[in-house]
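Before any comments, here is the structure.
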Amino acid sequence: MTEPRRLPYGHQFVGAADIEAVGEALRHDWITQGPRVADFERAIAEYCGAPHAVAFSSGTAALHGACAAAGLGPGDEAITSPLTFAATANAVVYCGARPVFADIDASTLNIDPAEIARRLSPRTRAVLPVDFAGLPVDLDAIGRLARERGLVVIEDAAHALGAEVQVKGAWERVGSAGAADMVVFSFHPVKHITTGEGGMVLTRSADLADRMRSFRHHGIRRDAALAERHGAWYYEIDQLGFNYRLTDFQCALGLSQLRQLTGFVARRTAIAERYRRELAGHGLGVQEWDARRFKHAWHLFTIQLPLSQLRGTRRQIFDALTARGVGVQVHYIPVYHHPFYQRLGHRTGECPVTERYYASALTLPLYPGMTDDDVSRVIDTVLAVLKEHRGA
Ligand SMILES: *Cc1c(COP(=O)(O)O)cnc(C)c1O
């Protein structure tokens with residue numbers, strides 16, 4: 001008997017057209033800062049409906065750039081969700097500021113605005129909500145708080161390229177940066193589209209975009225007035241920056257991937273809808289939201305196990321699924337559980353809703369290359385494993 005193919009929880013979809021596009025870009029002189037960088041920025045900005053987009057070498061670098069442009073520094077606090085990849089909070093720490101975690105809403109799994117309000121202090125300077133699993137966070141209440149208190153809103157939309165929000169009767173894409181000052185995407189291979197590593201920040205502010213362009217390029221300022229005064233070679237380091245540039249051939253891949261995004265999101269949505277339909281009625285918890293206001297982009301499909309009705313632990317169920325080739329994962333370990341964050345003074349118990357969610361959570365495989373048979377296999381295996389562990 002041959003072992004069934006192992007299904008990972010996420011996987012890129014790279015086809016012949018993508019490979020062709022990268023090969024074509026590599027035949028040109030400018031393999032790092034060539035014309036495709038601006039082309040890719042313009043294409044994402046247009047897709048999302050935002051005027052400015054700044055590409056970075058990763059989503060993490062993009063978050064760092066956004067936090068730096070927001071002016072976060074020592075003595076400042078930034079409120080974020082504990083249910084995220086640690087990069088969201090790490091970016092705050094890179095700037096010398098302190099991340100503060102506000103608990104999630106048990107049904108949407110996104111940060112709860114009432115919890116943000118409870119954690120505001122005179123030092124709060126920014127809020128970094130996360131569109132968990134691809135469900136847009138509700139920015140109405142967060143935006144109101146931000147305006148009252150003069151806070152910068154940086155939306156971590158690493159999961160949500162292609163998601164939409166109802167705004168005054170019309171659908172707007174996440175990334176239009178209407179309600180957030182800056183919106184951050186990641187192009188890591190498990191995300192909706194990939195550039196290998198890569199990320200981008202969208203904003204309506206030309207000033208924030210300028211600061212981020214300089215930040216990703218060593219803090220360099222170079223313009224006609226400086227050249228006129230000092231010579232054509234002249235530039236100035238205006239702030240401490242980094243080398244966070246995305247390359248031309250990566251942007252060629254991004255442009256080719258973007259042309260397939262609508263299909264990717266449609267396929268992810270079809271798979272998620274099957275999961276919801278066919279796993280319903282087995283006591284599993286799933287993310288819930290108001291479909292009249294939000295269109296989910298389905299980066300992740302997470303379930304919550306009915307542990308009180310099961311004999312097994314989450315770990316036993318995780319291991320049983322893994323042993324049968326279903327590559328489950330857990331998203332996420334609450335960020336403040338990590339030893340580094342505990343050393344910063346964070347404590348277990350800070351966000352009880354997140355901790356309860358984490359205790360029973362599993363992520364099922366979800367990526368555009370899954371066949372209908374792969375999806376059936378995941379559903380059948382989950383139901384079989386649950387059945388074997390029934391009865392407390
Ligand atoms: C993937 C991800 C990031 C980081 O993106 P990279 O491109 O891997 O650096 C940040 N936040 C969230 C929520 C993510 O899922």
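Every number for a ligand or one of its atoms is a count from 1 in the order of the listing. From a predicted model like this one, the values you see are computed outputs, not experimental measurements.
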Would you say [X] touches ligand 1, if touching means a heavy atom closer than 4.0 Å?
X	result
Ala62	no
Tyr332	yes
Val190	no

Looking at [atom], what's its closest protein heavy atom, distance included?
atom	value
atom 11 (N) of ligand 1	Asp156 OD2, 2.8 Å
atom 15 (O) of ligand 1	His159 NE2, 2.8 Å
atom 5 (O) of ligand 1	Ser186 OG, 3.3 Å
atom 4 (C) of ligand 1	Thr60 OG1, 3.5 Å

field: Close N or O approach (His188, ligand 1; < 3.5 Å)
entry: no

- prompt: Is any N or O atom of Gly59, backbone or side chain, closer than 3.5 Å to an N or O atom of ligand 1?
  reply: yes

Hey, is [X] close enough to [Y] for a salt bridge, meaning N to O under 4.0 Å?
X	Y	answer
Arg216	Glu41	yes
Arg119	Glu115	yes
Arg229	Asp223	no
Arg211	Asp207	yes

- prompt: Does the ring of Tyr47 carry Arg173 above it, NZ/CZ under 6.0 angstrom from centre and within 45° of its axis?
  reply: yes

- request: Flag this pair as yes if the NZ/CZ of Arg314 is under 6.0 angstrom from the six-membered ring centre of Tyr358 and inside a 45 degree cone about the axis; otherwise no.
  value: yes

message: Tell me every residue that passes side-chain hydrogen bond (donor to acceptor under 3.5 Å, both in side chains) with Ser176, counting only those two or more places apart in sequence or in another chain.
response: Glu172

Side chain to side chain donor-acceptor pair (under 3.5 Å) partner of Ser214, the single match among Arg221, Gln239, Glu236: Gln239

Against heavy atoms of [X], which atoms of ligand 1 measure under 4.0 Å?
X	value
Gly198	7 (O)
Ser58	7 (O), 9 (O)
Thr84	13 (C)
Thr88	11 (N)
Leu63	10 (C)

task: Return each pair, listed once, that meets ring pair (Phe, Tyr, Trp, His ring centres under 6.0 Å) where at least one residue sits in residues 278-319; pairs must be two or more places apart or across chains.
output: His159-His299, Tyr275-Phe301, Trp289-His296, Trp289-Trp298, His296-Trp298, Trp298-Phe301

message: Is the contact between Lys191 and ligand 1 made by the side chain, the backbone, both, or neither, using heavy atoms and a 4.0 Å cut-off?
response: side chain

